[in-house]
S.K.: 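This is the structure I want to talk about, given as structure tokens.
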Amino acid sequence: MTLQPRWHLRSSLTLLLVGSSTVALLIAFSLLLAYFQPHLAVQTRSELGKLSNDLAGRSERVLSILQSQLELVAESVKNGNNRSAQEQMDLVIGQGTFSALYHIGSNGRITHAAVSRDSQKQAAELLDSDLSNDRLRLRVMQRLQTTWSDKYLSPSSRRLAVAIGVWTGNDVIIGEIPLSYILEMLADSSDPAGWSIWVADAYGDILADSERSERIGVVNIANLPIIAKADAQSQVIDQAVFEGRTYDMAVSRSVRMHWYFVVRSPAGLASPQLRTTLNLGITAMISLMLLSLVFAPIWAAHTARPINAIAERARQQTKGETGAEWPRSSVIELNQLSADIEHMSNVIRERERELETIVESSPVGMLLTEPSPSFAFARANEAILKLLGYQRDQVLGKSGLELGLWKHQADREAILRQLNKKDIGQIETWMCRKDGSEFLAFVQARTVDIGGAKRTIWVVEDITEFRRIESEVRELNAELEARVQKRTEQLRKANNELSTTIEYLKLAQNELVRSEKLASLGSLVAGVAHELNTPIGNGVMAVSTMRDSLKRFRAESSNGLKRSVLDSFVEAVDTGSTIAERNLERAAELVASFKQVAADQTSSQRRSFKLDEVVREIALTLGPTLRHSVARLSVDIPSSITLDSYPGPLGQILTNLITNATVHAFADRDQGTIEVRAGTDADHLKLRISDDGIGIAPELLPRIFDPFVTSRMGRGGTGLGLHIAHNIAANVLGGTISVASTAGKGTTFELNIPLTAPTPDSPPA
């Protein structure tokens, strides 16, 4: 067992006082910090904005003076006074602001130059140098006005600088300002409290850095979001992350030079103002903690004195000394504590008596034995005495082994082994009473620590009757299981018979479907044959007429050929051949349409086809059926719709739907219309077949695509036509078919299929 650290009351109270004081100070300091931090952040951003704005304005004023000096030199050059221009250039260089000045002629070469003393080249060395491709010169000549550069590589010092280009009217004067001059301006504005200043050109390249000069000309800050915001505003104040650290930044943009003046300060806990506040707060907190360390022991000793007296009285109570009074103190809570402990002591004694009563009154036999190895009985309740048939004095001080309670000693040893392993055990065993009778007992035991010694609590229950009932239930379950198995076998046989019946029904359904298809094809053949009678009969009549004309012509020409006879024969042959040709073409057209429809419906061949041609051929083959019906077929199919699909199955659907409409839709009516309309939506075809007939009965509509659903059962209808159409639409064409119907107003079937039919799955290997 792990020992917990122990402390004297005085030490505990001292630590409690110091700890509570520390926690209170930390909470107070945290609340003050949470209150002041936002105010410090707002104040810091305000000061940053003022500084960046002031820096941008002051820099513009200073650099505008330098621009004016250079424009005076340009004015001298423009007036043609080259000597005065050179003198002015030397004078400007002598003031120490510009590091180099040079006049670039119209040919791009330097004609006049002046450089500072620390330049790597003399003015004479720069003369006649070719700067025709100098970027600043090209920008000035393009704009024809004074222009400020971005970072500029000086041709004289070979160092980064900032340059001003001035247009003289014909050529350019360029003045270089060293970046050190900009740094000197920043040094006057830098705050020693940790603020830093950047000056960046229009491209975001740093021209000056008050913190680290090695960033100049190397680091670009254009990718900072705050710089992007500054392009649209004259000043932006926000937080930004640079080199992994968060800063409060203020950016002001110069209108004249298009430069960015950035003033930044570490944000959050890194803020200098916040650090100063933290240091002051921590110093005050440490001072208060030292004071608490001085006064805490004195307060703890005074508080612990009455508590120690109460503890001493409690120790006396545990030893059985009940005569002394419980101590009292001037502290109300300690008086209450003393009274509560006294009351608790009385309650504990009462609870002990109650617990003893409960154990004695328990209906379950309970025993308490001494530690191993004796296991002598120390206590026994009334239930166990009644169960075993012993008196209390006959049991106490003896073990179960001595009383002969265990019928099988192996069971006793088994439960003792369980107790040695995990201080708990249970077993079912036969036990013996005092009179020698036996009973089946459920024995549970647990080893507990009482007064520093391990004792064992035994609970004994007579389960003889329970096990007898359990055995009877087990036999009843076995009988029920046998009955269930018998019933299961009967259900299995019935299921096999039902499966056989379903197979017969499926075969019958397939046979009906095949018969439906053959019946449709037979009706189609009969209609086409009837339709062919007229053109073929007309053709035979025309040929017979021409043959009679030929016989008359031969008879009359044997006596001499006359002009009138020849003209009459030619006219008869011409008329007969025209009639025969027209009727034979009609017959050929019918045969071709029938062959195409029949071939498509029997082969299910996939091909690319025009929808209007397929519908026109189907309408042609259904012509005889429609002529014997009151319905009129109206077709509106755009000629532009082309499908890569199965024309046969599609035609079978159309044939079934149109035939169904002629049979069912116009019962008891003398006229009606069947309309076929088509349109495309994305890569799908929407084909609508509608009629203005009597509609579908509401009770049939939800099951209209199920097999054997028809309103003409027993009158020639099988109820398979729409079921076949639904299967073809879903399984062959890869689409859907739906129906909408209003009683007395008509029915509309909508076929929605892809323009390109899906590729059928490969058969399993």
Side-chain angles (χ1 to χ4, degrees), residues 348 350-488:
I348 289 174
E350 184 65 27
R351 292 288 175 84
E352 288 178 350
R353 288 192 293 269
E354 291 179 0
L355 181 60
E356 185 175 357
T357 302
I358 292 172
V359 171
E360 287 298 326
S361 304
S362 173
V364 179
M366 299 178 67
L367 293 163
L368 179 65
T369 60
E370 297 291 348
S372 177
S374 68
F375 289 109
F377 296 126
R379 295 191 65 173
N381 70 347
E382 191 65 29
I384 193 66
L385 295 174
K386 183 178 180 181
L387 178 63
L388 298 177
Y390 287 95
Q391 298 296 323
R392 193 179 304 275
D393 57 354
Q394 294 175 336
V395 173
L396 298 181
K398 296 182 180 180
S399 67
L401 187 61
E402 294 174 342
L403 295 175
L405 299 180
W406 300 90
K407 180 179 179 180
H408 304 290
Q409 295 301 320
D411 292 343
R412 177 178 180 272
E413 295 173 357
I415 195 171
L416 291 179
R417 286 194 297 270
Q418 294 179 24
L419 290 172
N420 289 332
K421 287 183 178 180
K422 49 185 179 180
D423 293 336
I424 189 171
Q426 63 181 24
I427 195 171
E428 288 187 11
T429 182
W430 287 95
M431 302 193 77
C432 302
R433 297 185 176 92
K434 181 182 178 181
D435 60 4
S437 61
E438 299 176 354
F439 65 94
L440 184 62
F442 179 59
V443 182
Q444 300 180 76
R446 177 184 289 274
T447 299
V448 295
D449 193 343
I450 301 177
K454 285 191 173 183
R455 299 188 179 190
T456 305
I457 300 174
W458 300 79
V459 177
V460 181
E461 296 181 73
D462 185 358
I463 60 172
T464 306
E465 184 66 17
F466 176 76
R467 287 291 181 257
R468 184 188 65 79
I469 297 173
E470 186 181 57
S471 177
E472 293 178 357
V473 172
R474 189 180 298 109
E475 292 176 359
L476 180 60
N477 287 338
E479 183 181 353
L480 289 175
E481 185 175 355
R483 292 181 181 179
V484 169
Q485 289 180 353
K486 182 178 179 181
R487 182 58 178 165
T488 302

S.K.: Who are the side chain to side chain donor-acceptor pair (under 3.5 Å) partners of W458, not counting sequence neighbours?
M.R.: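 Counting only residues at least two positions away or on another chain, W458 forms a side chain to side chain donor-acceptor pair (under 3.5 Å) with T369.
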
S.K.: How close do D411 and I427 get, counting heavy atoms only, and between which atoms?
M.R.: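 Answer, listing the atom of D411 first, then I427: O-CD1, 3.7 Å.
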
S.K.: For the atom pair CD (Q444) and CE (M366), what is the distance rounded to the nearest 0.5 Å?
M.R.: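 If I round to the nearest 0.5 Å, the distance is 10.5 Å.
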
S.K.: Any chance you could measure W430, atom CH2, to L440, atom CG, to the nearest 0.5 Å?
M.R.: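 Going from the CH2 atom of W430 to the CG atom of L440 covers 5.0 Å.
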
S.K.: Quick one: which residue pairs count as a salt bridge (charged side-chain N to carboxylate O under 4.0 Å, His left out) with a foot in residues 389-405, not counting sequence neighbours?
M.R.: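 Every salt bridge (charged side-chain N to carboxylate O under 4.0 Å, His left out) pair that includes a residue of residues 389-405, provided the two are not neighbours, is E360-R392, E382-R392.
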
S.K.: If you take all heavy atoms of L401 and W406, which pair is closest and at what distance?
M.R.: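 In terms of heavy atoms, the two residues are closest at N-CD1, 4.5 Å.
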
S.K.: Of the non-hydrogen atoms in L387 and R433, which two are nearest, and what is the gap between them?
M.R.: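 Closest pair (atom of L387, atom of R433, distance): O-NE, 3.0 Å.
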
S.K.: Is there side-chain contact between K407 and M431, with heavy atoms separated by less than 4.5 Å?
M.R.: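 They are not in side-chain contact.
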
S.K.: How about Q391: does its CD atom have over 12 heavy atoms from other parts shown lying under 6.0 Å from it?
M.R.: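 Counting other residues, nucleotides and ligands, CD of Q391 stays at 12 neighbours or fewer.
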
S.K.: How far apart are the closest heavy atoms of Q394 and L403, and which atoms are they?
M.R.: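 Smallest interatomic distance, heavy atoms only, reads O-CD2, 3.8 Å.
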
S.K.: Of all the heavy-atom pairs spanning E438 and C432, show the shortest one and how long it is.
M.R.: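 The pair with the smallest heavy-atom distance is CG-SG, 4.2 Å.
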
S.K.: Do R474 and L476 come close enough that some side-chain heavy atom pair is under 4.5 Å?
M.R.: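 Side chain of R474 against side chain of L476, heavy atoms only: no contact under 4.5 Å found.
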
S.K.: Go through the steps to decide whether T429 and V443 satisfy the test side chain to side chain contact (heavy atoms under 4.5 Å, CB included), and finish with yes or no.
M.R.: CA-CA 8 Å; T429 182; V443 182; 4.1 Å; yes

S.K.: Apply side chain to side chain contact (heavy atoms under 4.5 Å, CB included) to the pair L405 and L388, showing each step before the final yes or no.
M.R.: CA-CA 8 Å; L405 299 180; L388 298 177; 4.0 Å; yes

S.K.: Quick one: does any side-chain atom of N477 pair with a main-chain N or O of E472 as donor and acceptor, under 3.5 Å?
M.R.: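 Side chain of N477 to backbone of E472, a donor-acceptor pair under 3.5 Å: no, none is there.
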
S.K.: Which distance, rounded to the nearest 0.5 Å, do you find between the CD1 of I424 and the CZ of R446?
M.R.: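 Those atoms lie 3.5 Å apart.
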
S.K.: Is the shortest heavy-atom distance from the side chain of T456 to the side chain of L368 under 4.5 Å?
M.R.: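 No; the side chains remain at least 4.5 Å from each other.
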
S.K.: Rounded to the nearest 0.5 Å, what separates atom OH in Y390 from atom CG in D435?
M.R.: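 With rounding to 0.5 Å, OH (Y390) is 9.0 Å from CG (D435).
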
S.K.: Which value, rounded to the nearest 0.5 Å, describes the distance between F377 atom CZ and E370 atom CD?
M.R.: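 Reported to 0.5 Å precision, the distance equals 11.0 Å.
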
S.K.: Distance-only check: which donor-acceptor pairs under 3.5 Å involve side-chain atoms of residues 413-420, not counting sequence neighbours?
M.R.:
unit_1, atom_1, unit_2, atom_2, d
Q418, OE1, Q426, N, 3.0
N420, ND2, L416, O, 3.3

S.K.: Looking only at heavy atoms, what is the nearest atom pair of A380 and L367, with distance?
M.R.: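 Shortest heavy-atom contact: CB-CD2, 3.4 Å.
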
